[in-house]
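Just so you know, these numbers come straight off a predicted model, no measurement behind them. Order of the sequence lines fixes the chain letters, A, B, ..., with proteins taken first and strands second; residue numbering starts at 1 for each chain.
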Amino acid sequence: MPELPEVEVTRCGIAPALVGRRLASADFRVPALRYPLPHAERPAFVGRQLQSIQRRGKYLLLDFGNGHLLVHLGMSGSLRLLTADMAAQKHDHVDLVFGADHDKIILRLRDPRRFGALLWLPGEPWAHPLLKTLGIEPLTEDFDAEWLKRTLAGLKAAIKPTLMDSHRIVGIGNIYASESLFRAGIDPRAAAGKISLNRLARLVAEIKATLTAAIAAGGSSLRDFIHSDGSSGYFQQQYFVYGRSGEPCRRCGKPIRELRQGQRATFFCAHCQR
DNA sequence: CCGACAACCTGTGAGC
DNA sequence: TGCTCACAGGTTGTCG
């Protein structure tokens with residue numbers, strides 16, 4: 001599920017309830033997700049007060065002062081808050097229990113496919129291999145047409161899978177890559193290194209607008225992070241092309257086409273995107 | 001460095 | 001209804 005907007009919405013949904021609270025205990029019900037979980041007798045973060053929750057790309061970093069819990073939701077992960085004891089379901093793999101017994105709040109991680117991750121990073125987190133190789137944040141001022149032109153220079157690969165490479169740009173997954181390229185009028189098969197500066201400027205603007213709108217859409221239902229099924233707030237946007245193979249383009253009415261790029265489905269309008 | 005591919009894992013929906 | 005197959009919004013690692 002989660003691309004940058006979903007992760008950011010999650011961060012905004014859980015942070016107000018958790019920051020400043022003490023982590024009372026942690027329950028890990030499986031040995032590993034993508035990587036082994038921190039199964040120590042008493043992990044270093046237990047008993048510590050949560051200082052902040054940051055996002056970097058699709059990662060969340062929970063700062064406990066003496067280190068960070070790094071969380072990635074993979075393809076199928078979700079986080080939600082519980083204020084009462086609710087039995088863990090089949091794929092509820094991790095509970096982080098915050099606060100005292102009479103006033104506790106549980107952060108529960110569900111992840112059916114277990115492509116997600118939860119790692120303890122003692123001390124300085126940014127040197128970690130998973131974080132130090134990450135690309136630019138698309139919602140910063142540094143991400144502009146000139147930066148993108150430089151980054152794509154000489155690349156023969158198609159623009160769409162290149163946009164999804166988190167070592168270049170973080171946070172753009174399969175949905176928002178297709179959506180941004182449609183909004184920018186760029187063919188997803190276009191060679192990344194051959195797109196003009198003007199068109200890249202349009203692409204940068206549309207990436208920012210697409211991600212921002214998706215965050216706003218999710219943000220409108222933040223209350224659902226408590227007592228929800230964990231899937232709320234994500235899917236309410238109307239997509240221009242994603243998942244609309246064969247349906248009429250919302251701009252020109254011609255059928256949306258689907259193709260495969262790097263094992264992933266791409267959706268586009270051959271009339272509006274050239 | 002680039003680009004193509006398999007791998008990790010479970011659930012779901014389409015088609016027979 | 002039940003089976004099989006392809007595919008699912010991510011990322012790493014390996015290979016040429």
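The side chain of A/Q263 approaches B/dA6 more closely than any other nucleotide in the set B/dA6, B/dC9, C/dG10. Listed nucleotides: C/dG10, B/dG3, C/dC7. Nearest to the side chain of A/K58: C/dG10. Among the nucleotides B/dG3, C/dC7, C/dT11, the one closest to the side chain of A/A157 is B/dG3. Proximity note for A/E3 (side chain, C-beta onward) versus B/dG3, C/dG10, C/dA8: the nearest is C/dG10.
Looking at heavy-atom distances under 4.0 Å, A/R34 makes contact with a base. Nucleic acid contact for A/L130: sugar-phosphate only, since backbone atoms but no base atoms lie under 4.0 Å from a heavy atom of the residue. In this structure, A/H167 reaches the sugar-phosphate backbone alone: every heavy-atom distance under 4.0 Å involves primed, P, OP1 or OP2 atoms, never a base.
Contacts between residues 115-127 of chain A and DNA chain C, counted as heavy-atom distances below 4.0 Å, involve A/F115.
Between A/Y242 and A/T133, the residue anchored nearer the 5' end of DNA chain C, judged by the nucleotide with its closest heavy atom, is A/Y242.
Under 4.0 angstrom from either OP1 or OP2 of B/dC8 there lies no side-chain N or O belonging to A/R113. At least one side-chain nitrogen or oxygen of A/R168 sits closer than 4.0 Å to the OP1 or OP2 atom of B/dC2. Taking 4.0 angstrom as the limit, A/H72 places none of its side-chain polar atoms (N or O) nearer than this to OP1 or OP2 of C/dG10.
Here the separation of B/dA6 from C/dA6, taken at their P atoms, is 13 Å to the nearest Å.
The partner of C/dA6, taking Watson-Crick or G-U wobble pairs whose two distances both stay under 3.5 Å, is B/dT12.
With sequence neighbours excluded, the residues satisfying ring pair (Phe, Tyr, Trp, His ring centres under 6.0 Å) with A/H72 are A/Y59.
The separation between A/R260 atom CZ and B/dC5 atom P is 13 Å, rounded to whole Å. Atom-to-atom, CE of A/M164 to P of C/dG9 comes out at 7 Å; the value is rounded to the nearest Å.
Within a 6.0 Å sphere centred on CG of A/D101, other residues, nucleotides and ligands contribute 12 heavy atoms or fewer.
Ring pair A/Y239/A/Y176 is perpendicular by interplanar angle, where above 60° counts as perpendicular and below 30° as parallel.
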